[in-house]
Amino acid sequence: MSHQSIEKEAGPPAQADTPAGESAGVEKKVRQYKDFGHDEAKPTYANVDMSRIELRADDLYDKEKVDLETIVIEDVFALLQCDDQGLSSQEAQRRLEIFGPNKLEQEEQNPFLQFLSFMWNPLSWVMEAAALVAIALSNGEHRAPDWQDFVGITLLLLINSSIGFYEERGAGNAVKALMDSLAPKAKVKRDGNWIEIESAILVPGDMIAFKIGDIVPADCRLTEAINVSIDQAALTGESLPVSKKEADQCFSGSTCKQGEAEGVVISTGVNTFFGRAASLVGQDDDTTGHLQKILAQIGSFCLIAIGIFVVAEIFVLYAGFRWSYRSGLDNILVLLIGGIPIAMPTVLSVTLAVGAQQLASYKAIVTRITAIEELAGVTILCSDKTGTLTTNKLTIDRSTIKTYAAFSADDVILLSAYASRTENQDAIDASVVGALGDTARARAGIKLLDFKPFNPVDKRTEITYREESSGKLKRVTKGMTGIIIELCSRNKTDEIENRLEADVEEFASRGLRALAVAYEELEGDDHEAEGNGFELIGLLAIFDPPREDTKQTIDDALAFGVKVKMVTGDQLAIAKETGRRLGLGDHMYPAKVLKDGPPPGSRFNSLDEMIMDADGFAGVFPEHKFEIVKRLQGLGHLCAMTGDGANDAPALSRANVGIAVEGATDAARGAADIVLTEPGLSTIVHAIRGSRIIFQRMRNYAIYACAVTIRIVVCFAILVFSYKFQFPPFMVLIIALLNDGTIMTLSVDRVLPSSTPDSWDLAEIFAYAVAYGLYLTLSTIILVVVILESDFFQRKFHVHLNSPPGQIDHNDEQLHTIVYLQVAIISQALIFVTRSHSFFFMERPSFALMGAFCLAQLVSSIIAGFANWGFTSIQKISGAWIGIIWVWDIIWFVPLDLIKFAMKATVIKYLRNRHQEATAAATRARAETGLPITRTQSRAASIHESMYSNRTSFIRRAVRKVGFGQKVRVKAEELQRFSSIQAHQTGQTLARHPSRPTP
């Protein structure tokens, strides 16, 4: 055992060994420590011929043959056909083929199906239906099928799918590469030599070694164990580390907290204890997220708008105008092709995929891509303390050092460093030596004569040394306060004991761990002789300090409108002290309030009020995390939760955004939506900021897409109703194709993140879309009216059409070209208005967006100036007409910002006020009727919404998702029994695959 035991006695538990007990007597200072001894179990042997490995399943539970609870390690070696020298490389490879890799299976997405998934949603269905209309239903009236429109629509679908597939696949590969870089390593004996390999290629029969701090890479039986203590909390829910001896079992995913060990692997991969538990839980394939709901609603808006005008055209064109079948169909195709925002799922998917790659630069791996959109709306972040808010590295708090003799604080630190190991240090020795600044001083100027390391009996360390400058022998000890004060015979007075008691109480109330230091001198040259008596010289305060960037990061989070709540398994006093140091606040409550509710007489009327007031919770277990998330979501908040263990999986899965912190187990990574590869809260806040930028890009596009739908369907419906204007469907395809190419660059556009949590207010989006769409419609209608009803342009600019003045054909091919160019330019220019909060020229777009816009308009102008495409009823126009259209669009473009501001001041303000009133009313209703524990909407479940799920799935999980509904509690003897069963089952498998003869 190491100084880690001090950590249990040094913090708030120090209260148990101080106040009344310090001066009253030693017996009152006695603390209860975990017994690190072992009950001696009598070994048994398998009462079968071990050369005959074939055992039936019934044999495994027949104690007359094999007592699985106490089977000796020799039988395990016999079953696994190996010895303590490990396996050869060839045999290990053979077993790898038999048993498979030592990891949970990953779901691999079929690339071809992933590509096809981009064409599987209601918006794509409409386009696919339009393609069928063009090739099948258009075949009539002695005219050939509309091959041009069919090929154009198909090409548009393929281009959108290809772009989305390429970006998502690239992002998926980037995530996979980052996850692979996190692959755990294992120390294994192969070919008689110890080497380090990836844990994934371990096989049953391998000899492995691990030490303090290592994660056990596979289920094993120990062949050597030196003072080993294993933390199995992530698997079994046991809160304290469990001591292990030779022949004991250790499980994959548990952590070695003390000592070092060697063992033989008995089970790997899905056959491990954790793997079997995971297979019982199964996999959650629900990838339909909040974004899918938004896609479904925006898609519904567009489809309804198109449907209304398609039905109107059917009645007007066929019943009213008595048009022929084919002519009416062409006009309906214009609405279907031009109105459907076919690129919307792809643009949003690409935006998220590119965003995932950008977040990876902040060491945040996104395993569920739609979590980016949900992270932008998070209002409360529940964060771990250790390693996230703090450094997870014990440190001496120099400002609180107490001295009790003629020694300064620096002297106390130096002497305590003498009494610390300089190699193979535990956390406390490292903190004491590190406090020197120069670690070489811990042995400078002295000659080490004797050193007694920490042990669970004495609960202290001791060094005897010769001071080189004076030649005197001296001795220093440090350790548990109650033990050290009993050794101090020179200055153990009531005054000193009272001071010590008060100081330890103060440390405990602040969550600081106490470490006492004593000193004595020896007469003569016998370093084993008694000294002149220990003198208490100081009391050190040890704590886990906040990370340097944490306070600023919390301030940044608050500036983003995100409340940070600390959720820690540590004790209440420690949580409060950390909160004070971080400026987080000290309104911390013990986790038991989640069950018991507010204490009588408190200022809180309900548990919900207390949870909202809390700056954090202490003494938290995984089930408490789940309850906290559930309550916060019931109060209407989008909640992000951090976690690191398998038992955190329910909370990570329940949270709107589950975040696996750096160093988390595979189970936590699998359940999380975002995996951090660097410690600290700043990574999370960077991710929040990045997600808000991504959200703004998506919102800008959503407004644009809906506005273009309105302008296309309303504009061309009015033109056909008013002038029987038959715009060629193929030109709408050209507009859509150029728009899509430009809009894809929104995924890297330069935008400003919102200072408050984002949310999809679809009423606002639709209101903006209708306003912009009707305004753009007006710009086109008036242009056509001026051309058809007057000779203004002909007279002022000396331009003309094919038709003679005064008798202009409403379907003049050059008029088609004019309308095409006008619609193409101003529709695409709308994006510069929707992407900005102020005037469009105040927020500079990205070079990619600006370049794509200029290129698209150059192509549009070239088509207008040179294309004589008889198959689609357009004819080139003069440069003068092109200039007129550009000037016309610029004139109409400028007021778009004024429309935006007018909408903000009127309709949008009204919608927001109404939303706030509705929210306040809902809050009051909840307070009166009680809290409905329902999840804040972040996962959509309807069939309609799920149609969009594949469009943004991008990767199911980088690792298998595991959600533990409860802790897996297993008795110690049953664990022993389970490990023996594993050994037998592995032996049976090996028996069915005998070793190949060596050539």
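Just the heavy atoms: all of them, side chains too, but no hydrogens, waters or symmetry mates, feed the values below. Everything quoted here is computed from the prediction, not taken from an experiment.
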Worksheet, complete the sentence: Heavy atoms of Phe210 and Leu222 approach each other most closely as CZ-CD2, 3.8 Å
Worksheet item: Under 4.5 Å between any side-chain heavy atoms of Lys625 and Val567, yes or no?
Response: yes
Item to complete: Go through the side-chain N and O atoms of Thr390 and Asp544 and say whether any donor and acceptor fall under 3.5 Å apart.
Response: yes
Worksheet item: Do the side-chain N and O atoms of Thr464 and Arg475 include a donor-acceptor pair separated by under 3.5 angstrom?
Response: yes
Practice prompt. Measure the shortest side-chain to side-chain distance between Arg421 and Pro453 over non-hydrogen atoms and say whether it is less than 4.5 angstrom.
Written response: yes
Discussion item. Taking Asp494's backbone N and O only, do any of them form a donor-acceptor pair with Asn498's side chain (distance below 3.5 Å, no angle check)?
Written reply: yes
Item to complete: Examine distances only and state if a side-chain atom of Asp411 and a backbone atom of Ser408 form a donor-acceptor pair shorter than 3.5 Å.
Response: yes
Worksheet item: Which residue, Arg580, Lys576, Arg510, Arg581, forms the salt bridge (Lys or Arg N to Asp or Glu O under 4.0 Å) with Asp586?
Response: Arg580
Discussion item. Checking the side chain of Arg466 only, and the main-chain atoms of Lys472 only, is there a donor and an acceptor separated by less than 3.5 Å?
Written reply: no
Discussion item. Could you check whether Thr553 and Asp556, counting side-chain N and O atoms only, form a donor-acceptor pair closer than 3.5 Å?
Written reply: no
Discussion item. Using modelled atom types and a 3.5 Å cut-off, is there a donor and acceptor pairing between side-chain atoms of Ser420 and backbone atoms of Ser416?
Written reply: yes
Discussion item. Side chains of Ser88 and Asp191 only: does a donor on one sit below 3.5 Å from an acceptor on the other?
Written reply: no
Fill in: From Lys474 atom NZ to Asn532 atom CG, the distance as rounded to the nearest 0.5 Å
10.5 Å
Worksheet entry | Validation row: Arg443, Thr422 side chains within 4.5 angstrom (heavy atoms) | yes
Discussion item. Ring pair (Phe, Tyr, Trp, His ring centres under 6.0 Å), that's the test. Do Tyr418 and Tyr465 meet it? Break it down for me.
Written reply: CA-CA 9 Å; Tyr418 288 165; Tyr465 63 93; 5.1 Å; yes
Discussion item. Looking at every non-hydrogen atom in both residues, tell me the closest pair between Val264 and Thr223 and how far apart they are.
Written reply: N-CG2, 4.2 Å
Worksheet entry | Short N-O contact, Glu678 and Lys363, less than 4.0 angstrom | no
Item to complete: Kindly say whether Ile413 contributes a backbone atom to a donor-acceptor pair with the side chain of Arg398 at under 3.5 angstrom?
Response: no
Fill in: Check: Met588 and Thr568 side chains under 4.5 Å, non-hydrogen atoms
no
Item to complete: Locate the shortest heavy-atom distance separating Lys492 from Ile485; write the atom from each residue and the value.
Response: CD-O, 3.5 Å
Worksheet entry | Within 6.0 Å of CD in Glu467, more than 12 heavy atoms from elsewhere | yes
Worksheet item: Between the side chains of Ser509 and Glu506, does any donor sit under 3.5 Å from an acceptor?
Response: no
Discussion item. Nearest 0.5 angstrom please: Leu415 CG to Ile463 CD1, how far?
Written reply: 10.0 Å
Worksheet item: Okay, side chain of Asp219, backbone of Ser252: is any donor-acceptor separation there less than 3.5 Å?
Response: yes
Practice prompt. Would you please say whether a donor-acceptor pair under 3.5 Å links the side chains of Asp397 and Ser399?
Written response: yes
Practice prompt. Report the C-alpha separation of Glu497 and Arg499 in whole Å, then their side-chain angles, then the decisive distance to 0.1 Å, and conclude whether the salt bridge (charged side-chain N to carboxylate O under 4.0 Å, His left out) test is met.
Written response: CA-CA 5 Å; Glu497 286 194 280; Arg499 281 182 56 196; over 6 Å; no
Discussion item. Under a 3.5 Å distance rule, please check whether Asp83 uses its side chain to pair with a backbone N or O of Gln85 as donor and acceptor.
Written reply: yes
Practice prompt. Could you check if a side-chain atom of Ile365 sits within less than 4.5 angstrom of a side-chain atom of Thr677, using non-hydrogen atoms only?
Written response: yes
Item to complete: Measure the SG-CD1 distance between Cys382 and Ile659 for me, rounded to the nearest 0.5 Å.
Response: 10.0 Å
Worksheet item: Within a reach of under 6.0 Å around NZ of Lys187, are more than 12 heavy atoms found that belong to other residues, nucleotides or ligands?
Response: no
Discussion item. Can you confirm whether Glu523 is buried at CD, in the sense that more than 12 heavy atoms of other residues, nucleotides or ligands lie under 6.0 Å from that atom?
Written reply: no
Discussion item. I'd like to know if the side chain of Thr642 reaches the main chain of Asp384, judged simply by a donor and an acceptor atom lying under 3.5 Å from each other, with no hydrogens or angles considered.
Written reply: yes
Worksheet entry | Interatomic distance, Ile215 atom CD1 to Ser199 atom OG [nearest 0.5 angstrom] | 8.5 Å
Discussion item. Quick one: does any side-chain atom of Asp206 pair with a main-chain N or O of Val265 as donor and acceptor, under 3.5 Å?
Written reply: no
Worksheet item: Would you call Arg441 and Asp438 a salt bridge, using N to O less than 4.0 angstrom?
Response: no
Worksheet item: Which value, rounded to the nearest 0.5 Å, describes the distance between Glu262 atom CD and Ile208 atom CD1?
Response: 10.0 Å
Practice prompt. Under the side chain to side chain contact (heavy atoms under 4.5 Å, CB included) rule, what do Ile574 and Lys385 come out as? Steps first, then yes or no, please.
Written response: CA-CA 10 Å; Ile574 297 174; Lys385 176 185 75 72; 4.0 Å; yes
Worksheet item: Any side-chain heavy-atom pair from Ile484 and Met480 closer than 4.5 angstrom?
Response: no
Worksheet, complete the sentence: Distance col, row Leu389:CG vs Thr550:OG1, nearest 0.5 angstrom, shows 6.0 Å
Fill in: Residues Leu584, Met566; criterion side chain to side chain contact (heavy atoms under 4.5 Å, CB included); working and verdict
CA-CA 8 Å; Leu584 191 63; Met566 182 194 304; 3.9 Å; yes
Discussion item. For Arg190 and Ile197: C-alpha separation, side-chain torsions, deciding distance, then whether side chain to side chain contact (heavy atoms under 4.5 Å, CB included) applies.
Written reply: CA-CA 10 Å; Arg190 292 275 175 89; Ile197 63 172; 3.8 Å; yes
Response to the item:
When every non-hydrogen atom of Thr481 is compared with those of Ala516, the smallest separation belongs to CA-CB, 4.0 Å
Worksheet item: Would you say the side-chain atoms of Lys478 and Thr461 include a donor-acceptor pair closer than 3.5 Å?
Response: yes
Response to the item:
On a heavy-atom basis, the closest approach of Ser489 and Gly533 is OG-CA, 3.4 Å
Discussion item. Side chains of Ser229 and Lys244, heavy atoms from C-beta outward: is any pair under 4.5 Å?
Written reply: no
Discussion item. Salt bridge (charged side-chain N to carboxylate O under 4.0 Å, His left out), that's the test. Do Glu260 and Lys211 meet it? Break it down for me.
Written reply: CA-CA 4 Å; Glu260 52 189 50; Lys211 61 184 185 306; over 6 Å; no
Practice prompt. Please assess Thr403 against Val412 for the test side chain to side chain contact (heavy atoms under 4.5 Å, CB included), listing each intermediate value before the final yes or no.
Written response: CA-CA 8 Å; Thr403 58; Val412 172; 4.0 Å; yes
Fill in: Contact check, side chains of Tyr404 and Asp503, non-hydrogen atoms, under 4.5 Å
yes
Fill in: Contact summary for Leu539 and Ala514, nearest pair of heavy atoms
CD1-CB, 4.1 Å
